[in-house]
*Asks:* 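Sending over a structure as structure tokens; questions will come in a sec.
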Amino acid sequence: MGLLNQGFWLLGVLFLSSLILCRADVHHYDFFVRESNFTKLCNTTTLLVVNDSYPGPEIRVHRGDTVFVNVHNQGNYGFTIHWHGVKQPRNPWSDGPEFITQCPIEPGTNFTYEVILSDEIGTLWWHAHSDWTRGSVQGALVILPAENETYPFSTPDADQTIILQSWYNGDYKQIIDQALSTGIPPRQPDAYAINGHLGDTYGCPNDTLFRMQVDYEKTYLLRIINAAMNEQKFFTITNHSLTVVAQDASYVQMFTSDYILISPGQTMDVLVSANQNLGQYYMATRPFSDSAATPVDFITTGVFQYTNSVGGLNASLITLPRRNDSNAANSFVSRIRNSNVTQNPPMNVPTDIDRRVYIAIATNSIPCNSSTCLVPNRIVASLNNVSFVFPRIDILQAYYNRSTSGVFTEDFPLDPPVFYDFTGNLTGFNTNASLGTRAVVLNYGEAVEIVLQSTNLGAGGSHPIHLHGFSFYRVGTGTGNFNNVTDPSSYNLDDPPLINTVHVPGGGWVALRLFATNPGVWFMHCHFERHSSWGMDTVFIVRNGTTAETSIRPPPASGMPRCPGT
């Protein structure tokens with residue numbers, strides 16, 4: 001049934017795509033990536049950035065367009081760029097994660113990405129996908145409706161991108177390199193930022209506030225991106241309601257809230273009406289965490305400023321949920337449902353499953369044997385007790401060229417190797433993990449369910465898990481340990497949200513469903529960068545179908561970046 005259902009769905013998507021793509025445009029951008037100086041918190045820091053800006057340039061196109069981005073590495077070390085949330089149909093060559101689909105773009109070289117947009121609509125983003133360089137190499141990808149296509153709500157008077165960020169006084173790559181070398185967890189950020197501005201809460205008189213000027217009785221579409229390194233975020237605008245209309249480049253059933261919760265990697269489109277008294281109102285963000293490893297609880301501010309307003313701001317007006325308010329976080333997430341509008345892809349939730357992958361998420365520890373270690377044991381992270389090791393030759397080229405020996409194996413465990421009370425008291429439990437580069441292999445067209453189970457190993461807490469190459473339906477979630485007999489009866493198969501990054505609740509589980517109709521090599525990882533750096537990653541390989549149209553495209557004729565030492 002899974003293969004039959006996905007076949008009908010694919011025909012529908014192809015028909016929709018043909019309507020969208022009949023007037024699709026091609027865009028060309030140049031990214032010059034180099035070190036630039038920035039002064040914040042009364043300190044000057046050198047960062048790797050694109051076109052000397054933080055955040056980097058916004059790409060603004062229409063649904064179904066194709067974008068070519070020529071990336072010139074004028075910096076001091078290699079990196080890659082990922083187009084977060086873009087499915088890249090049959091084109092993993094331009095997906096971007098380092099040593100998964102390509103090797104890094106080395107200093108003094110360039111590489112052109114072909115970003116193929118299909119049914120995505122709304123807001124996505126791009127960022128580096130090497131070490132921690134995404135902390136400064138990042139920007140928005142705005143996908144406007146196609147020509148002759150409308151919004152499924154009244155057209156806003158204007159839109160504004162809001163990027164939530166982590167700010168470090170220091171080079172992001174050096175921070176994680178030092179942490180991995182010594183075995184000590186990476187340090188906390190020095191501040192949080194909104195569109196590169198730190199606001200007025202950190203004590204440095206030279207720091208700037210992001211100001212969004214609005215006109216009375218106008219409606220604005222906020223395109224909110226959480227680009228923070230390790231922090232889920234609450235966000236609000238004082239005295240104003242936020243109407244959520246899209247998440248992860250897919251429309252949702254509209255609902256109104258005083259705040260949003262947005263995880264690293266996620267994007268959210270929100271309408272706000274400038275319907276209050278003329279004045280200056282704080283927009284504000286703070287982290288959320290239900291983990292024992294808590295982030296620093298900074299509140300970062302911007303200003304929602306009416307034209308011709310007078311008077312000052314009052315910090316006491318900021319009302320945000322507490323940093324550890326799990327009820328506020330889970331309540332918000334539970335309200336997000338898919339919208340059955342014509343602008344969305346036809347709803348196609350797998351009802352009969354060909355393959356279930358049940359993954360337990362954990363942080364672990366292993367001996368730290370390097371001569372640079374400062375501790376006897378270092379933290380690693382794992383999926384099904386496998387802590388991912390990045391190869392030195394990228395997995396896609398090894399798979400495509402059938403030269404996988406010594407690069408990866410196709411035996412990622414489809415279930416936890418040991419079943420235990422994942423969310424119970426694990427005092428004294430063996431925290432070891434195995435190291436490996438192990439992939440999940442799926443047949444083309446399979447109906448797949450992925451159950452992500454949080455555990456109390458390590459610091460516990462929730463996780464933002466991102467899967468490249470796909471959007472998936474979040475069909476179920478619950479507390480405690482997943483039960484594959486009783487829990488599926490609670491699934492929402494009618495209007496589950498279609499997303500690319502999912503909030504896995506601390507002390508609970510989430511179930512995802514998709515059809516494996518995008519052949520290629522696709523990375524799955526936690527979007528907390530420290531967790532991904534520690535090994536909370538794996539790879540899904542989708543085999544080719546039976547036709548050229550269901551098979552991986554050939555690599556670009558101009559070639560891929562060369563792997564180090566080759």
Side-chain angles (χ1 to χ4, degrees), residues 160-167 188-203 207-212 214 220 222-245 247 255-277 279-305 312-336 461-462 464 503 505-506 527-528:
Q160 173 66 56
T161 300
I162 304 288
I163 303 182
L164 310 179
Q165 302 157 298
S166 304
W167 174 262
Q188 296 272 27
D190 297 293
Y192 304 124
I194 298 175
N195 287 354
H197 301 267
L198 271 56
D200 60 3
T201 60
Y202 294 100
D207 286 336
T208 54
L209 274 160
F210 169 71
R211 294 180 180 271
M212 176 181 172
V214 299
Y220 297 86
L222 304 184
R223 303 179 178 277
I224 304 172
I225 300 166
N226 187 349
M229 299 298 285
N230 297 293
E231 299 86 19
Q232 296 169 297
K233 291 295 190 77
F234 290 119
F235 175 87
T236 190
I237 300 177
T238 58
N239 288 32
H240 291 75
S241 295
L242 306 176
T243 300
V244 180
V245 297
Q247 183 180 12
F255 66 94
T256 300
S257 177
D258 294 332
Y259 66 92
I260 67 167
L261 174 78
I262 183 167
S263 293
Q266 289 182 336
T267 61
M268 203 164 288
D269 291 1
V270 173
L271 293 173
V272 59
S273 294
N275 56 10
Q276 299 299 304
N277 295 330
Q280 300 180 65
Y281 298 86
Y282 271 119
M283 58 177 67
T285 181
R286 82 179 323 163
F288 160 73
S289 175
D290 53 3
S291 165
T294 57
V296 288
D297 193 16
F298 298 138
I299 291 179
T300 298
T301 54
V303 179
F304 192 75
Q305 181 171 327
L313 289 153
N314 186 345
S316 65
L317 296 176
I318 296 174
T319 56
L320 281 164
R322 300 182 313 278
R323 176 181 62 180
N324 61 351
D325 193 340
S326 295
N327 289 335
N330 294 332
S331 173
F332 179 83
V333 172
S334 69
R335 300 180 68 185
I336 301 173
S462 53
H503 168 85
H527 229 278
F528 289 152

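Positions are given from 1, in the same order as the sequence printed here.
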*Asks:* Under the 3.5 angstrom rule, does the side chain of Tyr192 hit a backbone N or O of Val296 as a donor-acceptor pair?
*Replies:* yes
*Asks:* To the nearest 0.5 angstrom, please state how far the CD1 atom of Ile262 sits from the OG1 atom of Thr267.
*Replies:* 6.5 Å
*Asks:* Could you walk me through whether Phe298 and Tyr202 pass the ring-ring contact (aromatic ring centres under 6.0 Å, His included) test, one step at a time?
*Replies:* CA-CA 8 Å; Phe298 298 138; Tyr202 294 100; 5.3 Å; yes
*Asks:* Are Ser289 and Glu231 close enough, and set up right, to give a side-chain contact (heavy atoms from CB on, under 4.5 Å), and what steps lead you there?
*Replies:* CA-CA 7 Å; Ser289 175; Glu231 299 86 19; over 6 Å; no
*Asks:* Using a 3.5 Å distance criterion without hydrogens, assess whether the side chain of Arg223 forms a donor-acceptor pair with backbone atoms of Val270.
*Replies:*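 Answer holds: no.
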*Asks:* Side chains of Phe235 and Ile224, heavy atoms from C-beta outward: is any pair under 4.5 Å?
*Replies:* yes
*Asks:* CD1/Ile237 to CZ/Phe304 distance, rounded to the nearest 0.5 angstrom?
*Replies:* 5.0 Å
*Asks:* For residues Arg335 and Ser257, report the shortest heavy-atom separation together with the two atoms involved.
*Replies:* NH1-CB, 4.0 Å
*Asks:* Between Leu209 and His197, does a side-chain contact (heavy atoms from CB on, under 4.5 Å) hold up when you go through it step by step?
*Replies:* CA-CA 6 Å; Leu209 274 160; His197 301 267; 5.8 Å; no
*Asks:* Within the 4.5 Å heavy-atom criterion, are Thr285 and Ile194 side-chain neighbours or not?
*Replies:*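 Side-chain contact under 4.5 Å: yes.
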*Asks:* Looking at every non-hydrogen atom in both residues, tell me the closest pair between Pro264 and Asn226 and how far apart they are.
*Replies:*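 Heavy-atom minimum between the residues: N-ND2, 3.2 Å.
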*Asks:* Could you tell me if the side chain of Gln232 sits less than 4.5 Å from the side chain of Ser462, heavy atoms only?
*Replies:* yes
*Asks:* Looking at side-chain heavy atoms only, is the closest gap between Gln160 and Tyr220 below 4.5 Å?
*Replies:* no
*Asks:* Given the ring of Phe288, does Lys233 sit roughly above its face, with NZ or CZ under 6.0 Å from the centre of the six-membered ring and within 45° of the axis?
*Replies:*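 Not flagged: Lys233 not positioned over aromatic ring of Phe288.
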*Asks:* Can Thr256 and Thr243 be counted as having a side-chain donor-acceptor contact under 3.5 angstrom?
*Replies:*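 Distance-only check passes for Thr256 and Thr243.
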*Asks:* Look up atom CG in Asp207 and atom CG in Asp200, then write down how far apart they are to the nearest 0.5 Å.
*Replies:* 9.5 Å
*Asks:* On a heavy-atom basis, which atom in Asp258 and which in Ser241 lie closest, and how many Å separate them?
*Replies:* OD1-OG, 4.4 Å
*Asks:* Drop me the distance from Tyr259's OH to Arg286's CZ, to the nearest 0.5 angstrom.
*Replies:* 13.0 Å
*Asks:* Calculate, to the nearest 0.5 Å, the distance between atoms CE and NE2 belonging to Met229 and His527 respectively.
*Replies:* 9.5 Å
*Asks:* Run the side-chain contact (heavy atoms from CB on, under 4.5 Å) test on Val244 and Leu271 for me, step by step, so that the C-alpha distance in whole Å, both residues' side-chain angles and the decisive distance to 0.1 Å come before the verdict.
*Replies:* CA-CA 6 Å; Val244 180; Leu271 293 173; over 6 Å; no
*Asks:* If every non-hydrogen atom of Pro287 is compared with every non-hydrogen atom of Asp297, which pair is closest and at what distance?
*Replies:* CD-OD1, 3.9 Å
*Asks:* So Ile162 and Met283, do their side chains get closer than 4.5 Å, heavy atoms only?
*Replies:*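 When only atoms from C-beta onward are counted, Ile162 and Met283 do touch, with a gap below 4.5 Å.
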*Asks:* Side chains of Phe234 and Pro321: does their closest heavy-atom pair fall under 4.5 Å?
*Replies:*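 In contact.
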*Asks:* Are the ring centres of Phe332 and Phe255 closer than 6.0 Å?
*Replies:*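 For Phe332 and Phe255, the ring centres are under 6.0 Å apart.
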*Asks:* For the residue pair His240 and Tyr281, does the interplanar ring angle fall in the parallel (under 30°), tilted (30 to 60°) or perpendicular (over 60°) class?
*Replies:*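 Perpendicular, since the angle between the ring planes exceeds 60°.
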*Asks:* Do His503 and Asn330 have side chains that approach each other closer than 4.5 Å (heavy atoms only, starting at C-beta)?
*Replies:*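 A side-chain contact under 4.5 Å exists here.
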*Asks:* Donor-acceptor check, side chain of Asn195 to backbone of Thr161, threshold 3.5 angstrom: yes or no?
*Replies:* yes
*Asks:* Specify the closest pair of heavy atoms between Ile163 and Ala227, including all atoms of both residues, with the distance to one decimal.
*Replies:* CG2-CB, 3.7 Å
*Asks:* Give the C-alpha distance, both sets of side-chain angles, the deciding distance and a yes or no for side-chain contact (heavy atoms from CB on, under 4.5 Å) between Thr301 and Ile318.
*Replies:* CA-CA 9 Å; Thr301 54; Ile318 296 174; 3.7 Å; yes
*Asks:* On a heavy-atom basis, which atom in Met268 and which in Leu261 lie closest, and how many Å separate them?
*Replies:*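 Shortest heavy-atom separation between Met268 and Leu261 comes out as CE-O, 3.6 Å.
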*Asks:* Given 3.5 Å as the limit, does a donor-acceptor pair link the side chain of Ser334 with the main chain of Ser331, or not?
*Replies:*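 Indeed, once roles are kept as given, a pair shorter than 3.5 Å links the two residues.
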*Asks:* For a 4.5 angstrom cut-off between non-hydrogen side-chain atoms, does Leu222 reach Met212?
*Replies:*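 Touching, per the 4.5 Å side-chain cut-off.
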*Asks:* Measure the spacing between OH of Tyr282 and CG of Asn239 and express it to the nearest 0.5 Å.
*Replies:* 13.5 Å
